[in-house]
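We name chains A, B, ... by the order of the sequence lines, and we start the count at 1 in each one.
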Amino acid sequence: MSGNLNYIIRRLLYLIPVLLGVCGLVFLLFNVVAGDPTMLLLGKHADAQQMADLKAQLGLDKSLIAQYFDIVKSAFTFDFGRSWATKQQITEMLYQGAIPSLTLTIPGFFISTVMSLMIAIFVAYYRGKGIDLFIRTLAIALMSTSSLVYILVFQKYLAFELGLFEISGYEYGFPSFIPYIALPVVIWVVMSIGPDVRFYRTLILDEIYQDYVRTARAKGLSEKKILFKHVLRNALIPVITYTVVNLPFLILGALLLESFFSIPGLGGLTLSAVNASDFPVIKAMAILSAIAYILFTLVSDILYTLVDPRVKLN
Amino acid sequence: MFKSLLVVLSGVMILGASCTKKVDLKDRTLHVNVSAKVKGFDPVNAGDTYSSGEIARVYEGLLTYHYLKRPYTLIPNLAEDMPTVSNNGMTYTFKIKKGVKFQDNKCFPNGKGRELKAKDFVYSIKRMADAKNVSEGWWLLDKKIKGLNAWRTKYKTEKTNYDEVVEGVKALDDYTIQFTLSQPYPQFLYSLAMVYTFAVPKEAVDFYGKDFLNNPVGTGPFVTKPYTQGTRIEYTKSPSYRDVFYPTEGSAEDKANGLLADAGKKLPLVDKIVVSIITESQPAWLNFEKGKLDLNGIPKDNFESVVTPDKGVTDKYAKKGIDLVITPDLDITYIAFNHEDPLFKSNLKLRQAMSLAYDGDTANKLFYNNQGIIAQTLLPPGIGGYDPNYKNPYRQFSVEKAKKLLAEAGYKNGKGLPTIMYDTTATTVARQMGEYFKKQMAQIGINIQLNTNTWPQLTKKVKTKQTQIFGMAWLGDYPDAENFLQLTYGPNMAPGPNGGNYNNKEFNKGFAIATKMQPGPERAAKYKELAQKSAEDVSLLLGVHRTSFVVKHSWLKNYKFSTFNHGHSKYYSLDLKKKAEMINKL
Amino acid sequence: MSTQVLSNESVKKESVEIEESRSLWGEAWHRLKKDKVAMTCLIIVCLYSLIGLLSALGLVAADWAKEVGPSYAPPFENWDYILGTDIFGRDVLKKVIHGTQIAMSVGLISSLIAIPIGVVLGALAGYFGGWVDEIIVWFYTTFSSIPGIILLMSIAFVLGKGITTVYIALGLTSWVGLCRLIRGEVMKHKNREYVQAAGALGAGHGRKLFKHILPNVTHIIIIFTSLQFQVAIKSEVILSYIGLGVSGQPSWGTMIDDAKMELARDVWWQLAGATFAMFFVVLAFNILGDALRDALDPKLKGKG
């Protein structure tokens, strides 16, 4: 176990160079390449004097190295200052946005994972049969349409014409938000079920061709029993690790869904930040999601060893 | 296994279906939408229309525009009366209303809103001038008020001292405020009707500190909870709102439109406002059609399926009781030449040729439902200096004439003319307009390369003079020709609002004189002359004065469009019986 | 939001014993030929490429900008514009065809950007190991830590609009997966006997890497490319929506983006045209990618 602890500590320390790298990338993009944002922030009547004043106020007249250190500092203190566009406290903005995002993405993610897993087991059981081919083709077909098309069409026909769902909007607090996230969740599921089914099917098939399955079969165990007792249990390991690694991306929310359904989440926040040249917000989003990604990858690795004792962390 | 799948799936469907709400017909709640994120509730940062519209439901200023009168007329709001102006036009003295209360808020002792005093305006105006607040409205007062610039510069970095007296903004007593200008500036009064100068209590700013922008405390008709940056903002009637009544004066047309039915009633006429922030046009339109929004401003673009050529709504919508309100807006679209580009600088004939080759009528049909007014000069109708009879000779579409002028400019059929870069924004409509312009110029052999940009990129290019030509629109800040003519005023060139960098000595001189004159026929004549000269010199390739389109449901009463919609929701009322009847037809 | 298609795990985990590459390719082609669905997909892809090429050469749909009918004419009513017209009365079919050119070029060029970066970095890291590996792994971990969509938007944003930006942004955001796979493969191969043998015969690093190892990992590049095409085509739509897409010419993305104004008013044909055009080619690339993986990956032999 001490080896594992060592590993975890090492991985946590690895966060530092990666974070410095992320800061560097963000710095390169927004402080070096992107150039001067002040003219945008001051509106149509701005003059040169006001722009110079603002530049000084935002710390953009400092040397590049000092600007880089400002970014690094914010990554370690989590103090990202205020949004340029809205003058709001960025940590507060992110906090306010994270809740609606999660109320949309967690149910979406949960439902699509469970459904895909069930379908994957089903098609793995009937592998090679017509139904397998049909569902696989359907999964690929679902993936072959742009998410923007799903949103436009579902919103117009399911919500408006048929009146099955709210068209758009959001209210804070349980259960008020439920009617508003219903359709976005459906779209989320439709969008992610295709790739998920395909991926889980591959994982399950990987297991089915393992030696232990052959042994079990030789022992005369029924195919169903093998599938559920042995294969599924082992296939769950990569499923879990894969799921955990994807968790941070849920926090980011679903960009298009959020803007079309007026859900005040982080995805929409990022989008409007890009539209408004709100660099500090984009930087904060990039840095925070990188931290989340690294941490969750680590968690996923640890989980891996917990469920599968054969694996040693090193 | 399939069964359980079906259960989950139908569970999701039922959840969605059963939760779709019916509209409650008992409460007098106005449902409206805004199409962009609301930044916050700090008047000094009311840079965008959307945020300022929200701020104006809570905050108020000294002056406002009369709800019904056109052309737009300033009337006192928190001021008791219009100001007395000294003979030299440099001193404006206001008496403010007595007994006006700020809304109850925990920033005040015991949570009770106190009375509004003259010093609140002094404070609010200084706040806007404070460089640390980076107010986008500073240009309104920049170099205009005695001592204010010095005060701003003094406290640029050190802690601002709001107690230091500025000569130009003084409270003479609790109810009298006096402004002293540093130069004649007749447009000054308009700035007092703008959200930037609305009255803010110092207690709230001190109490909430950096979070003041989420905790609005005004004197206005509506109150709202702390703002959480969601996509829904709710307002309720302010219990401490003073007696304000629906206007009794209006034109015959207003009367015919039923806009005087509530004349003399105490405002506001609705109990609650729910504002939904809907950034995409599809959900906004669908929500409106379902009756979940009482009105919807429709984008100034292709709405052919909604609007018929005779300015009505199509049958499908008319049956649902949907009305269309079309009102000319105080605005202008244009394509600017960069006059610092050697190609355009001294080449009047090229500019004229391009202007002649641009078919405004077809553009009007394609993009504005044929409701726009082809711009002959920079000035839109309804502004002193606009001449309805004037026809700009270079605005009358003619390919032959354009070709002739192009040949005279030395580029017969476009020969020898390099490809011209046209920059515009990346919105769907802007892109389509760019494609249209390209097509138009191709008729006379001019090659245009269309280049769409994000708004930040375009702003940057314009402000650093890196464009050749670019598409723009200007919405008036206030109803004065100065606000439009300044688009071609030399000293305003980039990074100022004159993005085309037009710099004509004669025009500059005339502009400087005219804008300092007091309103009246003499000034209007001067404005007219300036606008026409600039138009014939093709300082800009003029587009149209757009019209605003608003669709509203039959149950919304008292709606009148205004370019300066500051706090107008207090005039709206709802016919709930009508709503109960109509909602089923939607 | 969408999960990745190419399962890194399964490819990474495979332990392929490839001694003679030629027979692998021969057998793969043989297997692919037998798969009727995959062959159909290959034909579809070739057809789209041909249309794209013809359009690029100006042989078809060069006059997409021409006004052929009234504004918003519905489809299937006039043979001159069978798929209807857009706001300017331009032929939707021609726009779809021109969009094909854009889509295929986006897939191709973004792959051409991503492949050299991914292959070179991956091969160097896998082959040399040690500090070279450390640095390259650090570099791609940094890249992959930022969610793809934020990185994509940021790069597109700072580079400015236009088709070049679309190419570069998509290329720069998609090399990481490839790099990771190549690194893993090269690592496995470098200790194989045939490489050792080549080393014993006096082959230098470069020769070992490029002459001996890389030919054995090309199947990864092929699979990557077929999947990159469909990712790129779909991403172009998102970039168009954000306003960072192609400008001045029609693409499927801009056509779908137009629909957000049109659909509420029942103008559905631009959306439908672009969506179906996109659907078939993305579908074909997906199935082809799968078939290629099956064909080139002996471990899965006999599966499915």
Point to revise | Side-chain heavy atoms of Met153(C) within contact of Ile282(A), under 4.5 Å | key: no

Practice item. Look up atom CG in Leu271(A) and atom CD1 in Ile150(C), then write down how far apart they are to the nearest 0.5 Å. Key: 11.0 Å

Revision key, fill the gap. Taken in chain and number order and not counting sequence neighbours, the residues that satisfy side-chain contact (heavy atoms from CB on, under 4.5 Å) with Thr100(C) are Tyr48(C), Ile51(C), Met104(C), Trp252(C)

Check your understanding: Atom CZ of Phe160(A) and atom CG of Leu263(C): how far apart are they, to the nearest 0.5 Å?
Key -> 11.0 Å

Review point. Which residue out of Ile287(C), Val237(C), Leu159(C) racks up the most heavy-atom pairs below 4.5 Å with chain A?
Key: Val237(C)

Review point. With a 4.5 Å limit on heavy-atom distance, are the side chains of Lys260(C) and Ile151(A) in contact?
Key: no

**Study point:** Under 4.5 Å from any heavy atom of chain C - which part of Ile140(A)
**Key:** both

Practice item. Side-chain contact test, heavy atoms from C-beta onward, threshold under 4.5 Å: evaluate it for Tyr14(A) versus Val137(C) and give yes or no. Key: yes

Check your understanding: Hey, does Met143(A) have a side-chain heavy atom less than 4.5 Å from the side chain of Val282(C)?
Key -> no

Exercise for review: Check whether any side-chain heavy atom of Ser146(A) sits under 4.5 Å from a side-chain heavy atom of Thr275(C), and report yes or no.
Suggested key: no

Practice item. With rounding to the nearest 0.5 Å, note down the distance linking OG in Ser145(C) to CG in Leu295(A). Key: 10.5 Å

Check your understanding: Does the side chain to side chain contact (heavy atoms under 4.5 Å, CB included) test come out yes or no for Leu20(A) and Trp138(C), once each step is laid out?
Key -> CA-CA 10 Å; Leu20(A) 289 177; Trp138(C) 166 80; 5.7 Å; no

Review point. Side chain, backbone, both or neither: which part of Leu271(C) has a non-hydrogen atom closer than 4.5 Å to chain A?
Key: side chain

Check your understanding: Hey, are the side chains of Phe280(C) and Ser144(A) touching, using non-hydrogen atoms and a 4.5 Å cut-off?
Key -> no

Practice item. State whether Arg136(A) and Asp290(C) are salt-bridged, where the test is any N-O pair (Lys NZ or Arg NE/NH1/NH2 against Asp/Glu carboxylate O) under 4.0 Å. Key: no

Practice item. Could you look at Ile233(C) and say if it's the side chain, the backbone, both or neither that has a heavy atom under 4.5 Å from chain A? Key: neither

Practice item. Report yes if some heavy atom in the side chain of Phe30(A) is under 4.5 Å from a heavy atom in the side chain of Ser154(C); otherwise report no. Key: yes

Practice item. Report yes if the side chains of Val158(C) and Phe279(A) come closer than 4.5 Å at any heavy-atom pair, otherwise no. Key: no

**Study point:** Which atoms of Ser235(C) approach chain A - backbone, side chain, both or neither, heavy atom under 4.5 Å
**Key:** neither

Exercise for review: Calculate, to the nearest 0.5 Å, the distance between atoms CG and CD1 belonging to Leu255(A) and Ile238(C) respectively.
Suggested key: 8.0 Å

